[in-house]
Amino acid sequence: MKNNNIYKNLYNGEWIESINPPIDIISPIDNTSFGKIQSMNEKEVNTTVTNAKLSQITWGETPINERAGILHKAAEILLENKHELSLILQKEIAKDKKSSLSEIERTADFIKFTADEGKHLHGETVGSENFPGFKKNKISFVTRVPVGVVLAISPFNYPINLAASKIAPALIAGNSVVLKPATQGAISTLYLAEVFNKAGLPKGVLNTITGKGSVIGDYIVTHKDINFINFTGSSEVGRHIASIAGMVPMLMELGGKDAALVLKDADLEKTADNIISGAFSYSGQRCTAVKRVLVEEEVADSLVEKLKERVEKLKIGSPEDEVDITPLISSEAADYVEGLIEDAIAKGASLITRSKRKGNLIYPVLFDKVTTEMKIAWEEPFGPVLPVIRVKDIDEAIKIANASQYGLQSSIFTKDIDKAFYIANKLEVGTVQINNKTERGPDNFPFLGVKSSGMGTQGVRYSIEAMSRPKAIVINIEN
Ligand code: NAP
Ligand code: G3H
């Protein structure tokens, strides 16, 4: 998998190097080199995709039970190596130790659940007699078949979970996979590829492509032998891929600006706990992070006080320690967040906690009295900044929540279940959480975004169905 800290790509069951000079992966913790990855050229990408297409034929005919056995084995190997892999995550993407281990354990559960769910994949028969003008002389035998070669593109923030949540459902459905990880995060994702390889996946069924998305991305997504694109990343890149890829089915998990709507009857202690964990875990670098609070004026002072107490208790430092806030993924990301903070201060937001930066480390920031003129009210910081917007009533909260370009999730905090349902029905998002932070799991739940937050539905069964298709064979009976 690697030589002298130079990581290779998985091609046809072997780890290979590219002709181009490798890319240096710099740790966000201390800006030191953590290793190098390959920078594949178009010819190498083409060879990989062509081989994945050939390898899919036999894999698609392999009994699901056998495919499931390999996935179970992969989950076991992943768990056996969780401490080693957790150290890689800590160094490569500065994810704190607890979150790193939890990402790996959750992924093993996801792979096992997918293996079992795949065994329930079945078809149906449809008769003709129900349709006007037809007799009982036709039967359509509908089975589910693979789509072919799945291109999986994963983001930096969950290099294991958001790669496996594409790979495992694609594989159990009988597809081969070409995996393009985020450049920052690629070393972690290549480790995952090796786990599947060690589990006994036949050669060529899972292959990796590394290199900057801005350089080889367009070539891969428009390759004629890619039959499905499963992408997670920013709305900007997702929109670009959708605009150039042509008639290829896609699943897209994109950005978010999840709102927590706090009603005046909410349990404010529980609400504050949820909001803090939702907003600040992994320093806010989660698509589902709580990215704005819309609180009814009557309880705003009290909620802000409780949030302040909790923000001040967050532990800040290096991922190997038991901390909540770690350095952001890059200096560009930290610059962007700093810009949003400065904009809010300049436009008169109340800075409730101290704003401070050391390298890529942004200390957690809580703003009160944020207005809709400020960038932080609308933009996705992907960092530890939480804006509180005070509203006069729930209708204003709904209006502001829905004015966002994003539509991933929202939370409603209230004791009034009727009001919760009234609001939930009006919110333009994929999922509404009642009295809980916004979050993806459990991973068998449907997970989807609307508007700029995505296309299609993930979640174990949903992902398997998305990456397989019905195949109908019609028997015509003479009578
Ligand atoms: P990103 O910059 O959009 O990158 C995502 C992936 O796309 C990376 O693998 C990247 O490769 C690749 N890429 C870039 N340009 C490409 C192109 N032209 N063609 C094909 N691939 C290309 O996103 P990120 O910074 O890694 O992740 C953060 C974003 O993802 C946030 O907006 C977050 O909300 C979103 N996200 C959403 C979900 C969800 O489930 N809705 C989950 C996690 C993250 P390189 O790294 O080589 O550029
Ligand atoms: O970053 C996006 C992930 O899908 C969010 O998952 O809610 O479990 O952190 P999470």
Side-chain angles (χ1 to χ4, degrees), residues 23 25 37 39-40 45 93 95 99 102-103 106-107 110 151-166 178-186 189 208-223 226 229-245 250-258 277-282 284-291 328-330 332-333 336 379-383 406-409 411 429-431 433 436-443 445 447-459 463:
I23 301 170
I25 301 297
I37 59 162
S39 173
M40 285 176 80
V45 170
I93 60 157
K95 186 169 273 197
S99 304
S102 132
E103 177 177 349
R106 165 188 184 175
T107 303
F110 181 94
L151 170 62
I153 305 180
S154 52
F156 81 82
N157 67 333
Y158 277 91
I160 305 299
N161 189 260
L162 291 179
S165 64
K166 297 168 177 53
V178 172
L179 170 64
K180 150 75 184 99
T183 297
Q184 189 80 35
T189 311
T208 61
I209 287 179
T210 56
K212 295 244 160 76
S214 52
V215 178
I216 47 160
D218 288 9
Y219 179 75
I220 316 172
V221 300
T222 53
H223 195 287
I226 294 295
I229 300 174
N230 194 334
F231 173 83
T232 303
S234 61
S235 302
E236 189 190 351
V237 174
R239 206 174 283 119
H240 169 71
I241 292 174
S243 72
I244 62 168
M250 290 176 205
L251 274 177
M252 295 239 163
E253 302 180 328
L254 308 174
K257 186 73 181 169
D258 292 1
S277 143
F280 293 104
S281 56
Y282 187 36
Q285 296 174 112
R286 295 166 48 245
C287 57
T288 47
V290 174
K291 292 177 183 141
L328 294 185
I329 195 69
S330 64
E332 293 76 21
Y336 176 66
E379 293 187 25
E380 181 186 39
F382 236 55
Y406 297 108
L408 192 55
Q409 294 202 351
S411 290
V429 291
T431 303
Q433 304 269 355
N436 199 79
K437 64 189 172 190
T438 43
E439 62 183 352
R440 183 190 189 102
D443 292 339
F445 280 9
F447 183 71
L448 66 154
V450 298
K451 303 199 281 188
S452 294
S453 288
M455 203 159 71
T457 306
Q458 303 268 12
S463 299

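Being a predicted model, the structure only gives us computed values, none of them experimental. Whatever order the structure lists them in is the order used to number ligands and atoms, beginning at 1.
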**Study point:** Side-chain donor or acceptor of T438 paired with backbone N/O of D258 under 3.5 Å
**Key:** no
Check your understanding: Counting distance only, does the side-chain N/O of S39 pair as donor-acceptor with the main-chain N or O of I23 below 3.5 Å?
Key -> no
Study note, to complete from the structure: Residues at least two apart in sequence or cross-chain that pass side-chain contact (heavy atoms from CB on, under 4.5 Å) with S463, listed by chain then number, are P169, Q458, M467
Practice item. Carefully, step by step, assess K437 and S281 under the rule side-chain hydrogen bond (donor to acceptor under 3.5 Å, both in side chains). Key: CA-CA 11 Å; K437 64 189 172 190; S281 56; 5.9 Å; no
Exercise for review: Check whether any side-chain N or O of T189 sits under 3.5 Å from a backbone N or O of P159 as a donor-acceptor pair, and report yes or no.
Suggested key: yes
Give me the pairs of N or O atoms, one from ligand 1 and one from the protein, that sit under 3.5 Å apart.
{"residue": "ligand 1", "atom": "3 (O)", "partner": "S234", "partner atom": "N", "Å": "2.8"}
{"residue": "ligand 1", "atom": "3 (O)", "partner": "S234", "partner atom": "OG", "Å": "2.6"}
{"residue": "ligand 1", "atom": "9 (O)", "partner": "S154", "partner atom": "O", "Å": "2.8"}
{"residue": "ligand 1", "atom": "9 (O)", "partner": "A182", "partner atom": "N", "Å": "3.3"}
{"residue": "ligand 1", "atom": "11 (O)", "partner": "K180", "partner atom": "NZ", "Å": "3.0"}
{"residue": "ligand 1", "atom": "18 (N)", "partner": "D218", "partner atom": "OD1", "Å": "3.1"}
{"residue": "ligand 1", "atom": "23 (O)", "partner": "S234", "partner atom": "N", "Å": "3.4"}
{"residue": "ligand 1", "atom": "26 (O)", "partner": "F156", "partner atom": "N", "Å": "3.1"}
{"residue": "ligand 1", "atom": "30 (O)", "partner": "G233", "partner atom": "O", "Å": "3.2"}
{"residue": "ligand 1", "atom": "30 (O)", "partner": "S234", "partner atom": "N", "Å": "3.4"}
{"residue": "ligand 1", "atom": "32 (O)", "partner": "E380", "partner atom": "OE1", "Å": "2.8"}
{"residue": "ligand 1", "atom": "34 (O)", "partner": "E380", "partner atom": "OE2", "Å": "2.6"}
{"residue": "ligand 1", "atom": "40 (O)", "partner": "E253", "partner atom": "OE1", "Å": "3.2"}
{"residue": "ligand 1", "atom": "40 (O)", "partner": "R440", "partner atom": "NH1", "Å": "3.4"}
{"residue": "ligand 1", "atom": "41 (N)", "partner": "L254", "partner atom": "N", "Å": "3.2"}
{"residue": "ligand 1", "atom": "41 (N)", "partner": "L254", "partner atom": "O", "Å": "2.7"}
{"residue": "ligand 1", "atom": "46 (O)", "partner": "T183", "partner atom": "N", "Å": "2.9"}
{"residue": "ligand 1", "atom": "47 (O)", "partner": "K180", "partner atom": "NZ", "Å": "3.0"}
{"residue": "ligand 1", "atom": "47 (O)", "partner": "T183", "partner atom": "OG1", "Å": "2.5"}
{"residue": "ligand 1", "atom": "47 (O)", "partner": "G213", "partner atom": "N", "Å": "2.8"}

Exercise for review: Mark yes or no for whether Q433, through its side chain, and E439, through its backbone, hold a donor-acceptor pair below 3.5 Å.
Suggested key: yes
Review point. So, for L179 and A163, which heavy atoms are closest and what is the spacing to 0.1 Å?
Key: CD1-CB, 4.2 Å
**Study point:** Any donor-acceptor N/O pair, K95 side chain to Y158 backbone, under 3.5 Å
**Key:** no
Point to revise | side chain to side chain donor-acceptor pair (under 3.5 Å) involving T288 - partner list, sequence neighbours excluded | key: R286
Go ahead and list the nitrogen or oxygen contacts between ligand 2 and the protein that come in under 3.5 Å, distances to 0.1 Å, or just say none.
{"residue": "ligand 2", "atom": "1 (O)", "partner": "N157", "partner atom": "ND2", "Å": "2.8"}
{"residue": "ligand 2", "atom": "1 (O)", "partner": "C287", "partner atom": "N", "Å": "2.8"}
{"residue": "ligand 2", "atom": "4 (O)", "partner": "R440", "partner atom": "NH1", "Å": "2.7"}
{"residue": "ligand 2", "atom": "7 (O)", "partner": "R286", "partner atom": "NH2", "Å": "3.1"}
{"residue": "ligand 2", "atom": "7 (O)", "partner": "T288", "partner atom": "OG1", "Å": "2.5"}
{"residue": "ligand 2", "atom": "7 (O)", "partner": "R440", "partner atom": "N", "Å": "2.9"}
{"residue": "ligand 2", "atom": "8 (O)", "partner": "R106", "partner atom": "NH1", "Å": "2.7"}
{"residue": "ligand 2", "atom": "8 (O)", "partner": "R106", "partner atom": "NH2", "Å": "3.0"}
{"residue": "ligand 2", "atom": "9 (O)", "partner": "Y158", "partner atom": "OH", "Å": "2.5"}
{"residue": "ligand 2", "atom": "9 (O)", "partner": "R286", "partner atom": "NE", "Å": "2.6"}
{"residue": "ligand 2", "atom": "9 (O)", "partner": "R286", "partner atom": "NH2", "Å": "3.3"}

